[in-house]
There are 2 protein chains.
Amino acid sequence: MSHVTSKKTPGDTQAQILSATLSLFTGQGYFNTSVHDIARESEVSIGSIYHHFKDKEGVARALYNDMINRMSSELATIKKNHNTAHDRCYAVIELLFIITEQEPDIMEFMLYSKHREFLPNERPVCSSQPFEIMREFVQDGMNSGEIQDMDLMVASTCLFGGAIRMITSSMDGLLKKPLSSYIDDIWICSWRAVAT
Amino acid sequence: MSHVTSKKTPGDTQAQILSATLSLFTGQGYFNTSVHDIARESEVSIGSIYHHFKDKEGVARALYNDMINRMSSELATIKKNHNTAHDRCYAVIELLFIITEQEPDIMEFMLYSKHREFLPNERPVCSSQPFEIMREFVQDGMNSGEIQDMDLMVASTCLFGGAIRMITSSMDGLLKKPLSSYIDDIWICSWRAVAT
DNA sequence: TTGACTAGAACGAACGTTCGATCTAGAGTT
DNA sequence: AACTCTAGATCGAACGTTCGTTCTAGTCAA
């Protein structure tokens, strides 16, 4: 309450910490970021960080879980709004491209950091729920005859592999044009790879 | 001279250090591996390590350069032995799969570690020479009419993206069968994505 | 007064690196 | 053959720094 420096709403401090941490982790990596860095960047004391999170790894884990959950819920929306594998998978790639352009840190943390080095007990991203939902879309497409019958893993990697590598290329600064301008070309190639 | 316990040939110690380092870096990551770990694992003293390499980063850099050079020379051989984009690109995927199965540490260090976190001045892998040669194969294929005319980056990521993600899936333990058993399925899909 | 929260100084462990000592192999000299 | 010299390789204890974490003191709202 009171005046100039307004009081924090609950959850505010956590959000500040997580936001600063995301930017530091993607900018310089988990191991090049110290807890002292996080405290400085988020304008919060070390004590607060350790009050809200068990340890440094706990901050990373919270970040990771937030990300997985958000992605899962976005994919659930896609599943609800589209019925064919064609439309669903296109929507997935579109979503990934939009996130890459609008919130590059999130995409970088999701696709481009080696979680297993700092979250030793976490399964690899590719076996996380969002990736499983994406494979489910592909499986449905094979069942309905939209997608050629083949190994599910082969179909999934061929269908999404190009787009995902395009995203990492974009994050590496290898693309001349904005990522989203490539989406139709990518989609035509990727869909042709697996369509019946 | 020399008999039972043979004396070291020059370069032997460096090779010992590099081999132990590769296995440690891929097993637990650069930042989870201390120079003391490297000394213990390679059965060489810390002093020797610093005699042969400028610092810890220098060891990583030597490893990285070895890898890039070896890959470049393998790709040059492929270029010499095959004439069509079709044959060259298939040979590239075959090569990548073989390395993944026979020397997984090398592939893991090449494709799966975040070099930029510990080699800050290195360009991303995807702009390294081997990847450029791969794109050159694709460009040649577009010029000769084997591959549809489109953005080079789009064609390259679509042609190799599936295989590369299959490799990372394999390293994540997501595949039921050995990686090489998928090669023909992958190739059919990937080639169909870009072929005229 | 209580309990949730914040602050930042302090701590011990682990890290990357340095350094002087020691060892080895070979060249040069007699 | 015997000895000396030298260059480079090897060694590991020791150093200073940085890190993640803990701790005590304090603030503020209810």
Side-chain angles (χ1 to χ4, degrees), chain A residues 1-22 24-25 27-64 113-115 117-122, chain B residues 1-22 24-25 27-64 113 115 117-121:
Chain A
M1 57 115 43
S2 59
H3 42 125
V4 179
T5 38
S6 65
K7 207 71 287 281
K8 313 255 178 76
T9 67
D12 210 30
T13 307
Q14 293 203 26
Q16 263 182 65
I17 295 170
L18 288 178
S19 149
T21 302
L22 175 62
L24 286 168
F25 281 3
Q28 43 185 354
Y30 178 87
F31 291 101
N32 292 319
T33 301
S34 70
V35 178
H36 297 264
D37 289 338
I38 297 175
R40 194 180 321 115
E41 185 79 5
S42 58
E43 294 176 309
V44 149
S45 71
I46 291 187
S48 283
I49 295 174
Y50 279 90
H51 175 76
H52 289 287
F53 303 96
K54 179 173 173 290
D55 50 19
K56 185 186 177 186
E57 195 182 309
V59 183
R61 195 185 312 280
L63 222 41
Y64 185 80
S113 59
K114 282 217 65 184
H115 308 108
E117 275 187 22
F118 51 89
L119 298 176
N121 299 322
E122 212 62 54
Chain B
M1 60 126 48
S2 76
H3 38 128
V4 179
T5 36
S6 63
K7 212 54 312 262
K8 309 251 179 79
T9 66
D12 210 31
T13 307
Q14 293 202 26
Q16 265 183 61
I17 295 170
L18 288 177
S19 148
T21 303
L22 175 61
L24 286 167
F25 281 3
Q28 44 186 348
Y30 177 87
F31 292 101
N32 292 320
T33 301
S34 72
V35 177
H36 297 263
D37 289 338
I38 297 176
R40 194 179 320 114
E41 185 79 4
S42 58
E43 292 176 310
V44 150
S45 72
I46 290 188
S48 283
I49 295 174
Y50 279 90
H51 176 76
H52 289 285
F53 303 95
K54 182 175 172 291
D55 50 19
K56 183 186 179 186
E57 194 182 307
V59 183
R61 196 184 312 281
L63 222 41
Y64 184 79
S113 60
H115 309 108
E117 266 185 39
F118 52 89
L119 298 176
N121 297 324

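Every chain is numbered from 1, with letters handed out A, B, ... down the list of sequences. Quick note: numbers below take in every heavy atom, side chains included, and nothing from hydrogens, waters or symmetry partners.
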Rounding to a whole Å, what distance do you find between [X]:[atom1] and [N]:[atom2]?
X: B:Gln14; N: D:dT10; atom1: CD; atom2: C1'; result: 14 Å
X: B:Ile38; N: C:dT17; atom1: CD1; atom2: P; result: 10 Å
X: B:Ile17; N: D:dT10; atom1: CD1; atom2: P; result: 7 Å
X: A:Phe118; N: D:dG20; atom1: CZ; atom2: C1'; result: 16 Å
X: B:Arg40; N: C:dA14; atom1: CZ; atom2: P; result: 12 Å
X: B:Ile46; N: D:dA9; atom1: CD1; atom2: P; result: 19 Å
X: A:Asp37; N: D:dT17; atom1: CG; atom2: P; result: 18 Å
X: B:Asn32; N: C:dA14; atom1: CG; atom2: P; result: 14 Å

Practice problem: Please check if the side chain of A:Ser42 supplies one atom and the backbone of A:Ile38 the other of a donor-acceptor pair under 3.5 Å. | Solution: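 Pair found, side chain donor or acceptor close to backbone of A:Ile38.
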Practice problem: Say whether, by atom type as modelled, one donor and one acceptor occur between the side chain of B:Asp37 and the main chain of B:Thr33 under 3.5 angstrom. | Solution: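 Pair absent, no side-chain N/O of B:Asp37 close to backbone of B:Thr33.
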Quiz prompt | Nearest-neighbour nucleotide for the A:His36 side chain, C:dA10, C:dT18, D:dC11 considered | solution =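 Closest of the options to the side chain of A:His36: C:dA10.
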Self-check item: A:Thr13 side chain near C:dC5 phosphate (N/O to OP1/OP2, under 4.0 Å)
Solution: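 So the side chain of A:Thr13 is outside the cut-off, no N or O lying under 4.0 Å from OP1 or OP2 of C:dC5.
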Quiz prompt | A:Ser45 side-chain N/O to C:dA7 phosphate OP1/OP2 under 4.0 Å | solution =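 True: A:Ser45 side-chain N/O within range (under 4.0 Å) of C:dA7 OP1/OP2.
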Self-check item: Minimum heavy-atom distance between A:Ala39 and A:Ile46, given as atom pair plus value
Solution: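 Residues A:Ala39 and A:Ile46, closest heavy atoms: CB-CG1, 3.8 Å.
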Self-check item: Strand contacts (DNA chain D) in residues 48-56 of chain A, 4.0 angstrom heavy-atom criterion
Solution: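 Hits under 4.0 Å, by residue number: A:Tyr50, A:Asp55, A:Lys56.
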Exercise. Quick one: list whatever passes ring pair (Phe, Tyr, Trp, His ring centres under 6.0 Å) with A:Phe53, sequence neighbours left out.
Key: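 Listed in chain order: nothing, the list is empty.
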Practice problem: Return the set of residues passing ring pair (Phe, Tyr, Trp, His ring centres under 6.0 Å) with B:Phe31 (not counting sequence neighbours), or none when no residue passes. | Solution: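 With sequence neighbours excluded, B:Phe31 shows a ring pair (Phe, Tyr, Trp, His ring centres under 6.0 Å) to A:Phe31, given in chain and number order.
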Quiz prompt | Distance in Å, A:Tyr64 OH paired with A:Phe25 CZ, rounded so as to fall on 0.5 Å steps | solution =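 Output value for this atom pair is 14.5 Å.
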Exercise. Is it possible for you to check whether B:Lys56 lies under 6.0 Å from the centre of the six-membered ring of B:Tyr30, through NZ or CZ, and within 45° of that ring's axis?
Key: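 That pair qualifies as a cation-pi contact.
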